[in-house]
There are 2 protein chains.
Amino acid sequence: MSDGRTVQGETLLYLTDEQLRQGAEAMFFAYRGFTADPDRILAGLSYGRAHHRALHFIHGAPGTTVNNLLAILGVTKQSLNRVLRSLIEDGLVESRVGRVDKRERHLFLTPGGEALERELSDAQRLRMRAAFREAGPEAVAGFRRVLEAMMDPEMRLQYQRLREGRG
Amino acid sequence: MSDGRTVQGETLLYLTDEQLRQGAEAMFFAYRGFTADPDRILAGLSYGRAHHRALHFIHGAPGTTVNNLLAILGVTKQSLNRVLRSLIEDGLVESRVGRVDKRERHLFLTPGGEALERELSDAQRLRMRAAFREAGPEAVAGFRRVLEAMMDPEMRLQYQRLREGRG
DNA sequence: CATTTTAAGTCAGGCATGTTGACATTCCAA
DNA sequence: TTGGAATGTCAACATGCCTGACTTAAAATG
């Protein structure tokens, strides 16, 4: 890979291989922190990150279909199905047959599901809030901009669609 | 959770629950993109992300010990050992008994290991470089600041130590 | 109406990753 | 010198996610 510095001086210092390397390491360590708190809660419940993600997105889009969730989470239906089955058995998620299309199942959180989702989200938000506060508003804007640029185009669309859906 | 807007107006808009929620989703989608390219390469090699991480950090700190790597990667030594064993068997990593302390093993990449590390890093850097370029230098600075604030204090130290070690 | 497509769920098998437990080797300090 | 601590290894097991093949039901198509 070429060295940004050799191209047009200090302006592109943030594109040197070493800067990119540091960026990658920052992503690695930060993601660990990002998931650490919910992971601790989930560990005691024989649930994993997959359950958290399902609860998160069902909470954000109640009534979403299995197929929809599949596209957002980017896992196979076999994988998602195992997660959903346990959540439904434990009474955290409700699956209702679609009214217009009876093949579809619409997913909702029960009060218990909402409670767990909130517990997990609160743990995660606590850390994010602290980080955002510490870094300041401009840093947060930059953070968001870089992350969005890092997504696969498909995922970027999903992300923007979710944002718009909630205003 | 409290709503930032109610505290002191638009200044803290970036701390509202909805903003934090969007930040969390951005992390989720972006991390997927971040790992997608190396994952594709690894899939054909019966290797996984753990192998990539090991190669990455051994490359960055040649001669590091197993214990050292353990602290950085945050997994159990048994888990790391399986990864290292396969990398050593495949001739990508060399393990040398420590000279001053014979209990320690010092880890180095062989030319083959360096080659694979480079291939993986190049794939990842390509995406990061594009994202950094698209977002611009100030955004990248903010990105880094938020990620650093999001790390566990321990990991933050590891991260800073690695940065200093390479200048 | 018959056929094809779509949505969802299931079973089987595989691989990467993580865990705990037991163990060998080496070092160091009481 | 002896016992504890540190380092690393091996084995067994659990989990999560994957692919592939299949069933069921319903919708779309012709």
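Below, read A as the first sequence line, B as the second, and so on, with proteins coming before strands; counting in each chain starts at 1.
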Exercise for the section: Figure out the CG/P separation between B:Leu45 and C:dG14, and round it to whole Å. Expected result: 21 Å
Problem - Length of the CG-P vector between B:Asn81 and D:dA12, whole Å - result: 15 Å
Handout entry: Charged N-O contact under 4.0 Å between B:Glu134 and A:Arg156
Key = yes
Exercise for the section: Using side chain to side chain contact (heavy atoms under 4.5 Å, CB included) as the criterion, list what pairs up with B:Arg103, not counting sequence neighbours. Expected result: B:Asp101
Handout entry: Residues B:Ser86 and B:His51: side-chain donor-acceptor under 3.5 angstrom
Key = yes
Problem - Nearest-angstrom distance from the residue atom CG of B:Leu70 to P of D:dG8 - result: 8 Å
Problem - Length of the line joining A:Asp39:CG and D:dG16:C1', which is rounded to integer Å - result: 13 Å
Problem - Spacing of B:Leu73 atom CG relative to C:dA16 atom C1', expressed in whole Å - result: 15 Å
Exercise for the section: Quickly work out the B:Tyr47 OH to C:dG14 P distance and round it to whole Å. Expected result: 21 Å
Sort me out a list of protein N/O and nucleotides 26-29 of chain C N/O pairs below 3.5 Å, or just none if empty.
{"from": "C:dC27", "atom 1": "OP1", "to": "B:Lys102", "atom 2": "N", "distance (Å)": "3.0"}

Practice task
Locate the shortest heavy-atom distance separating A:Ala36 from A:Arg127; write the atom from each residue and the value.
Solution key: CB-NH2, 3.9 Å
Handout entry: pair B:Leu87-B:Asp90: side-chain heavy atoms closer than 4.5 Å
Key = no
Exercise for the section: In plain terms, say whether A:Asp39 and A:Arg49 are close enough for a salt bridge, that is, a side-chain N and a carboxylate O under 4.0 Å apart. Expected result: yes
Exercise for the section: With sequence neighbours excluded, tell me which residues meet side chain to side chain contact (heavy atoms under 4.5 Å, CB included) with A:Glu117. Expected result: A:Leu55, A:His56, A:His59, A:Leu109, A:Ser121, B:Arg21
Handout entry: Cation-pi, B:Phe143 ring and A:Arg145 (6.0 angstrom, 45 degrees)
Key = no
Practice task
Output yes when a side-chain donor or acceptor of A:Thr110 lies under 3.5 Å from a complementary backbone atom of A:Gly91, and no otherwise.
Solution key: yes
Problem - Flag, side chain of B:Ser79 to backbone of B:Thr76, donor-acceptor distance under 3.5 Å - result: no
Practice task
Scan residues 55-62 of chain A against DNA chain D and write down, sorted by residue number, each residue with any heavy atom closer than 4.0 Å; if none is found, say none.
Solution key: none
Handout entry: Angle of first-five versus last-five pair axes in the helix from C:dC1-D:dG30 to C:dA30-D:dT1, to 10 degrees
Key = 10°
Handout entry: Short side-chain N/O contact to D:dA6 OP1/OP2 from B:Asn67, under 4.0 Å
Key = no
Problem - Test item: B:Arg40 side-chain N/O and B:Thr35 main-chain N/O as donor-acceptor pair under 3.5 Å - result: no
Exercise for the section: Search all heavy atoms of A:Ala71 against all heavy atoms of A:Gln158 and return the closest pair with its distance. Expected result: CB-NE2, 3.6 Å
Practice task
Would you mind building the protein contact string for nucleotides 17-23 of chain D? One character per nucleotide, 5' to 3', B for base within reach (heavy atoms under 4.0 Å), S for sugar-phosphate only, - for untouched.
Solution key: BSBBB--
Practice task
Show your working on salt bridge (Lys or Arg N to Asp or Glu O under 4.0 Å) between A:Lys102 and A:Glu104 and close with a plain yes or no.
Solution key: CA-CA 5 Å; A:Lys102 292 179 189 169; A:Glu104 294 178 339; over 6 Å; no
Problem - Distance, rounded to the nearest Å, where A:Arg96 contributes CZ and C:dA7 contributes C1' - result: 19 Å
